2 protein chains.
Amino acid sequence: MARIDRASTATDQRESGRQKVISTIRKSGQIARIDIAQKTGVSPATVTSITSELLKAGLIEEIAPDSKPDSRRGRPRVALKIRGDAHIVAGLKVANRNVMVALIDFEGNTVSEYTAALPASKLSPDDMAGFIETSVRAAAQEADMDVSQISGLGIGVAGIIDAPRGFVYWSPSMTERNVGLRDLVEARLPLPVFIDNDANLVAMAEQLFGMGKTVSDFIVVTIEHGVGMGIVIDNALYRGTRGCGAEFGHTKVHLDGALCRCGQRGCLEAYVADYALLREASITGSLSGQDPENATLDMLFRKAKSGDTTAQSIFHRAGRMFAMGLANIVNIFDPELIILSGERMQFDYLYADEVLEAMKAAVIQVDAPLPEVRIHKWGDLMWAKGAAAFAMDGVTDLAIRKITDAA
Amino acid sequence: MARIDRASTATDQRESGRQKVISTIRKSGQIARIDIAQKTGVSPATVTSITSELLKAGLIEEIAPDSKPDSRRGRPRVALKIRGDAHIVAGLKVANRNVMVALIDFEGNTVSEYTAALPASKLSPDDMAGFIETSVRAAAQEADMDVSQISGLGIGVAGIIDAPRGFVYWSPSMTERNVGLRDLVEARLPLPVFIDNDANLVAMAEQLFGMGKTVSDFIVVTIEHGVGMGIVIDNALYRGTRGCGAEFGHTKVHLDGALCRCGQRGCLEAYVADYALLREASITGSLSGQDPENATLDMLFRKAKSGDTTAQSIFHRAGRMFAMGLANIVNIFDPELIILSGERMQFDYLYADEVLEAMKAAVIQVDAPLPEVRIHKWGDLMWAKGAAAFAMDGVTDLAIRKITDAA
DNA sequence: CAGAATTATTTTATTCTGTGAAATATACTT
DNA sequence: AAGTATATTTCACAGAATAAAATAATTCTG
């Protein structure tokens with residue numbers, strides 16, 4: 001039952017006043033009541049009543065006057081901020097070879113991080129749930145906490161996920177299809193659990209803590225082994241109807257083009273992902289002398305930097321294909337902002353000015369300025385923090401619901 | 001001021017109860033109160049109170065019991081429907097060489113249609129507004145009506161439009177950029193005027209009268225001289241932030257590909273629009289003997305049908321490119337439904353089963369069924385009716401606002 | 001054919017959310 | 001200190017939506 005409630009909340013588009021207020025505070029970092037009223041269009045009276053509820057519930061707090069002379073007449077405004085201690089949430093990312101857990105407080109500060117190697121690259125549903133449980137417990141212990149002090153767990157998995165139902169249609173990390181992973185984990189941990197596809201999680205992280213804070217419509221593109229995309233429209237994550245939209249990496253950029261690991265041809269991923277570049281390198285012998293198993297993008301990148309024209313051309317084409325894919329996104333969505341978000345973005349071939357120029361040249365020209373493209377380099381924790389952001393969203397919802405029900 | 005109101009309404013995402021109810025009735029054709037309550041999640045009590053307002057305002061009407069034995073026990077449900085006589089709205093489409101006007105009633109029935117040739121392919125803003133005025137007056141006269149009996153006018157123009165502001169950044173039909181066309185027309189006609197890009201208008205028509213009635217997320221693709229797209233997400237038209245999203249036709253499908261009339265290379269349009277096909281035909285000499293100025297797709301199509309392999313290959317490639325573009329849409333949006341909407345769809349090369357098969361093969365495979373692709377063949381009035389749909393939406397808003405203010 | 005049962009709609013009293021207007025709080029200016 | 005400016009709170013009230021009860025209009029059952 002709690003499940004259905006949570007799912008329906010996610011669907012519920014209209015933000016109640018309380019949600020509007022708390023998300024405004026979160027986006028602004030710190031903000032006075034009058035400004036909340038102005039930003040949200042809600043009346044000052046209502047802001048007062050809502051914030052006093054939130055204060056009582058401990059979700060936000062007032063900031064001490066700061067002795068900062070406002071140099072303004074009149075009663076000084078008192079700023080509000082999210083109270084970091086209000087909740088601790090956990091985010092967990094299931095990656096290829098390991099599981100990463102981040103504990104963050106309600107302000108988004110990282111409290112602790114934890115990594116554990118996966119026993120195998122594919123686990124059975126039960127083993128996966130068990131491993132998740134163990135990892136979360138270990139992460140809590142490392143932070144000197146009990147799991148009961150954690151208010152929610154967000155899990156990011158690659159694959160096709162039905163987030164509202166907490167259901168995994170398919171994931172490369174699991175031996176079975178169609179797994180109700182949320183239920184399995186909730187049976188093992190006394191926490192509300194939220195699951196989503198990893199690209200969506202990063203979009204959520206950008207929205208809550210990152211560059212998407214100030215923007216209502218933006219797109220996040222992630223490049224690692226594959227190419228992912230998260231879409232935020234009107235402040236809400238957009239997921240397709242079947243939960244498999246935003247497959248930017250499998251967007252086709254060439255008719256009958258290069259073979260992709262998905263089995264189809266011409267996918268963007270087949271031109272820009274690391275395996276695609278290494279494939280080209282191995283064909284041209286650019287990395288000859290290297291054990292192909294261990295050949296890394298690093299080597300190829302160094303070669304290009306040191307003048308190897310073949311290596312350069314490999315990166316060059318990848319960059320141009322990427323530019324074309326990005327331009328298509330702009331032509332279709334016309335977003336305010338595109339965030340290129342990455343964990344290890346040491347290779348700038350995809351983010352070079354040259355690439356962005358090529359993108360601009362392939363975008364419909366209007367008088368209005370082009371959407372901004374920003375590059376966001378995260379630490380190792382990007383994915384886990386994204387998962388935590390998702391949990392935080394859910395936990396905030398639950399907290400607000402609790403207030404509402406009490407009232 | 002009315003202007004600002006209307007604009008803000010368009011932005012206002014949350015449908016008020018009244019809007020929810022009336023749009024449910026419109027989508028359903030006819031529906032009993034209890035079913036409205038069930039569909040919208042609003043309580044029966046509220047439905048009663050809202051519908052009684054709408055009845056009093058004359059926007060809807062009850063359907064006579066129909067003597068149809070429900071074969072059900074209990075008090076029989078009485079169905080409601082939109083009252084066609086409630087309002088007449090006009091839709092006007094500015095095409096290449098002419099202007100088409102459709103008058104439709106509140107149920108979407110066509111009351112009258114009217115066409116007038118444009119004096120030139122590009123007009124000054126004033127001349128355009130004047131020609132629009134004349135055409136609407138003529139259309140009204142032809143239907144034995146006075147313009148004062150028309151409740152609103154929707155205008156569809158190709159180009160980049162800021163619909164909420166009624167502002168035309170650029171249009172191929174006008175000699176100037178940055179024209180506040182709505183104001184110009186409203187100064188000449190005693191009607192609320194609504195302007196939008198044509199692809200959006202067709203999407204609106206599909207949503208109100210067409211195949212999108214039952215679906216909350218869908219995409220409309222139109223193919224005429226160019227390729228257009230309209231996006232409906234969560235029952236609302238999605239326009240990019242700069243008003244130039246959904247440029248499906250200028251999505252790039254080939255790096256450094258064929259030259260498009262927009263000046264860029266590799267646009268989808270440059271492979272599937274009629275001018276692109278004719279260009280290929282003229283190169284290969286497939287239509288030799290024809291005056292190139294008058295060579296038509298018809299001839300090329302007949303050639304292909306009668307076995308000319310060159311002509312066939314031209315269509316074949318166009319179809320495959322189109323399939324690739326469609327697949328990208330599915331990969332990105334994962335919509336419930338894709339509507340291929342056309343005015344004169346006598347050429348099936350883009351809608352052949354073969355093309356749809358190619359699309360399916362290029363879409364990410366999930367267990368869930370693929371989005372449905374439906375082909376909607378409209379009459380000549382497609383665009384004008386779309387413009388009328390947009391007007392109807394606006395007029396409905398105004399009518400509801402009137403009720404709200406009265407209450 | 002007269003209840004009984006069933007389903008749809010309406011009425012009524014109430015709740016919840018949000019608001020404007022007035023009151024209050026806390027500064028700066030002169 | 002009085003006056004003015006600005007932020008916040010209080011308070012009485014309006015509007016939307018609801019649950020529960022009442023009413024309406026049927027079919028079914030004995």
Side-chain angles (χ1 to χ4, degrees), chain A residues 12 14-22 24-25 28 30-56 60-81 400-407, chain B residues 12 14-22 24-25 28 30-56 60-81 400-407:
Chain A
D12 211 2
R14 66 161 178 219
E15 282 192 310
S16 85
R18 286 176 255 256
Q19 275 168 317
K20 252 191 214 165
V21 167
I22 206 166
T24 304
I25 296 176
S28 310
Q30 66 180 66
I31 185 172
R33 290 178 180 79
I34 187 78
D35 293 324
I36 297 175
Q38 195 259 311
K39 274 204 179 191
T40 58
V42 168
S43 77
T46 307
V47 172
T48 287
S49 108
I50 291 177
T51 51
S52 82
E53 281 175 342
L54 297 177
L55 280 167
K56 196 160 30 162
I60 62 175
E61 61 191 355
E62 294 191 338
I63 293 177
D66 213 17
S67 75
K68 169 191 64 184
D70 266 355
S71 81
R72 270 209 269 195
R73 309 221 291 184
R75 176 173 177 170
R77 38 188 66 189
V78 349
L80 303 168
K81 66 185 272 288
I400 287 175
R401 172 126 5 141
K402 211 160 123 190
I403 294 173
T404 307
D405 290 349
Chain B
D12 211 2
R14 68 167 175 210
E15 283 192 311
S16 86
R18 285 176 255 257
Q19 276 169 316
K20 251 192 216 166
V21 167
I22 206 168
T24 304
I25 296 176
S28 311
Q30 65 180 68
I31 183 173
R33 290 176 180 81
I34 187 77
D35 292 324
I36 298 176
Q38 196 258 311
K39 273 205 178 188
T40 59
V42 168
S43 76
T46 307
V47 172
T48 287
S49 106
I50 290 176
T51 52
S52 81
E53 282 175 340
L54 297 177
L55 280 167
K56 195 160 29 161
I60 60 174
E61 61 190 355
E62 294 191 337
I63 293 178
D66 214 17
S67 75
K68 169 192 67 184
D70 266 355
S71 80
R72 271 212 266 195
R73 308 220 292 184
R75 177 173 175 169
R77 37 188 66 187
V78 349
L80 302 168
K81 67 185 270 289
I400 287 175
R401 172 124 6 137
K402 211 160 122 191
I403 293 173
T404 307
D405 290 349

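Chain naming here is simple, since letters A, B, ... match the order of the sequence lines and numbering starts at 1 in each. Since this is a predicted model, take the numbers as computed values, not measurements. All heavy atoms count here, side chains included; hydrogens, waters and symmetry mates do not.
If you take CD of E62(B) and C1' of dT10(C), they are 12 Å apart, rounded to a whole angstrom. What separates CZ of R33(A) from C1' of dG18(C) is a distance of 17 Å, to the nearest Å. Spacing between atom CZ of R401(B) and atom P of dA16(D) amounts to 13 Å, rounded to whole angstrom units. Distance I34(A) CD1 to dT24(C) P: 19 Å, rounded to the nearest Å. Rounded to whole angstrom, the span from the CD1 atom of I36(B) across to the P atom of dA17(D) amounts to 14 Å. The nearest whole Å value for the distance from the CZ atom in R18(B) to the C1' atom in dA16(D) is 8 Å. One atom, CD of Q38(B), and another, P of dT18(D), lie 14 Å apart when rounded to the nearest Å. Per the geometry, CZ belonging to R75(A) stands 16 Å off P belonging to dA23(C), to the nearest Å.
Nucleotides of DNA chain C nearest to G41(A) and R73(A) differ in position, and the one nearer the 5' end is that of G41(A).
Taking each heavy atom of G17(B) and I50(B) in turn, the nearest pair found is C-CD1, 3.7 Å.
Candidate nucleotides dT18(D), dT10(C), dT8(D) were compared by shortest atom distance to the side chain of V42(B), and dT18(D) ranks first. For A45(B), the listed nucleotide lying nearest its side chain is dA20(D); candidates were dT24(C), dA20(D), dA16(D). Among dT11(C), dT17(C), dT10(D), the nucleotide with an atom closest to any side-chain atom of T48(A) is dT10(D). Which of dA25(D), dT8(D), dG18(C) sits closest to the side chain of P76(B) comes down to dA25(D).
To the nearest 0.5 Å, the span separating CD1 on I36(A) from NZ on K20(A) amounts to 12.5 Å. R33(B) CZ to S49(B) OG: the interatomic distance, rounded to the nearest 0.5 Å, is 11.0 Å. K39(A) contributes atom NZ, which lies 11.5 Å from atom CD1 of I25(A) (distance to the nearest 0.5 angstrom).
Partner of I400(B) under the side-chain contact (heavy atoms from CB on, under 4.5 Å) criterion, chosen from V21(B), I22(B), D405(B): I22(B).
Within 4.0 Å (heavy atoms only), V47(B) reaches no atom of the nucleic acid at all.
Residue T46(B) has no polar side-chain atom (N or O) positioned under 4.0 Å from OP1 or OP2 of dA16(D).
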